[in-house]
Amino acid sequence: MYTTTSLKKLALLGAIEKPVKISSTEFMHHVSTSSKTAARVLKQLEDNGYISRQLVAGGQMVHLTEAGVGLLKKEYADYQQIFCKDHLDLELYGEVITGLGEGQYYIAKDGYMSQFRDKLDFKPFPGTLNVRLNDESAQMRDNMDFMEPLTIHGFNDGERSFGGVKCYLIEIEGIKSAVIIPDRTHYPADLLEIIAPLKLREALKLNDGDEVKIVVKNPQKCK
């Protein structure tokens, strides 16, 4: 009953960024309940893995875990589904880097290419542009988790299995493209792989280290 409300209150107190000190008596005012119930709620949140606690003099140091933050993100996404129809597009900035060269092999697979054409409305050039986001954009990149991706399903070509891929429609320097995120990826979150109907390096005359602007198109518009 108190789970998401309690996590929200703790997050507002700063418990996502760092541990915050709070007593059960203080916490009861935030969740409008008795001190005994507030203590039980904190114990339950810890048992469920949503917070970590360390008892100290005068209270406890409380910090939201990854699972606790994830539950709040899901709650946020649910409210977006209810209220948001016109949310702003997301602007990210980063620099072009050299990738591992695997993109051409995977994108050219018929199992992927046919789905890309159907769902993205363009036939991708067999290769990817790799962009490492700057620090500010790397933090903002988490907002993509609240957007509904286009799903490319995994398949088996008779020799091996290929995993699914999430796609986010973007524009890079005005060219319609897509960020692709494999379900099984070894890339860090600040690195984006981009596909487009043409070779972006040549079309935009890009070299390693050049900065690019990426506009992630939000399919849900918020009013």
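Note that the numbering runs from 1 along the sequence shown for the chain.
- Of all heavy-atom pairs between L204 and I172, the closest is CD1-O, 4.1 Å.
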Evaluation steps, side-chain contact (heavy atoms from CB on, under 4.5 Å), between H29 and F27 | CA-CA 5 Å; H29 298 297; F27 189 58; over 6 Å; no
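- The aromatic rings of Y112 and F162 sit perpendicular to each other, their planes meeting at more than 60°, with 30° as the lower class boundary.
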May I have the step-by-step check of side-chain contact (heavy atoms from CB on, under 4.5 Å) for I152 and K166, ending in yes or no?
-> CA-CA 6 Å; I152 304 298; K166 294 191 289 289; over 6 Å; no
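- Note on L45: it clusters hydrophobically with L13, by side-chain heavy-atom contacts below 4.5 Å among ILVMFWY residues.
- Cluster annotation: Y168 and M140 are assigned to the same hydrophobic cluster (Ile/Leu/Val/Met/Phe/Trp/Tyr, side-chain heavy-atom contacts under 4.5 Å, transitive).
- L64 and V31 fall within the same hydrophobic cluster, where Ile, Leu, Val, Met, Phe, Trp and Tyr residues are linked whenever their side-chain heavy atoms come under 4.5 Å apart, directly or through other members.
- In terms of heavy atoms, N207 sits closest to V96 at O-CB, 3.6 Å.
- By the side chain to side chain contact (heavy atoms under 4.5 Å, CB included) test, T37 pairs with Y2, T33, S34, R40, V41, sequence neighbours left out.
- Not counting sequence neighbours, F116 has no partner by the ring-ring contact (aromatic ring centres under 6.0 Å, His included) test.
- K123 NZ: 12 or fewer foreign heavy atoms inside a 6.0 Å radius.
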Could you walk me through whether L7 and I51 pass the side-chain contact (heavy atoms from CB on, under 4.5 Å) check?
-> CA-CA 8 Å; L7 288 174; I51 64 170; 3.8 Å; yes
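- Cluster membership check: I180 shares its hydrophobic cluster with Y106, using side-chain heavy-atom separations under 4.5 Å among Ile, Leu, Val, Met, Phe, Trp and Tyr.
- Ion pairing of D157 with K109 is present here, as a side-chain N (NZ or NE/NH1/NH2) and a carboxylate O approach within less than 4.0 Å.
- Of the charged side-chain nitrogens involved, at least one lies within less than 4.0 Å of a carboxylate oxygen, so that E91 and K213 count as a salt-bridged pair.
- The local environment of NZ in K8 is sparse, with at most 12 non-hydrogen atoms from other residues, nucleotides or ligands closer than 6.0 Å.
- In terms of hydrophobic clustering, with Ile, Leu, Val, Met, Phe, Trp and Tyr side chains grouped at heavy-atom distances under 4.5 Å, I97 and F125 are assigned to different clusters.
- When all heavy atoms are compared, the tightest approach of S24 to A38 is O-CB, 3.6 Å.
- Looking at R53 and E46, a side-chain N of the basic residue comes within less than 4.0 Å of a carboxylate O on the acidic one, giving a salt bridge.
- When every heavy atom of I107 is checked against every heavy atom of P126, the shortest pair comes out as CG2-CA, 4.2 Å.
- Cluster note: M61 groups with V56 through ILVMFWY side-chain heavy atoms spaced under 4.5 Å, whether in direct contact or through intervening members.
- Within 6.0 Å of CD on E66 lie no more than 12 heavy atoms contributed by other residues, nucleotides or ligands.
- Across all their heavy atoms, L150 and L169 have their closest contact at CD1-CG, 4.0 Å.
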Verdict with supporting geometry, T151 and H153, side-chain contact (heavy atoms from CB on, under 4.5 Å) | CA-CA 6 Å; T151 301; H153 299 290; 3.9 Å; yes
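- Between D208 and R201 a salt bridge is recorded (basic side-chain N to carboxylate O distance below 4.0 Å).
- Considering all non-hydrogen atoms of both residues, S23 and G58 come closest at CB-O, 3.5 Å.
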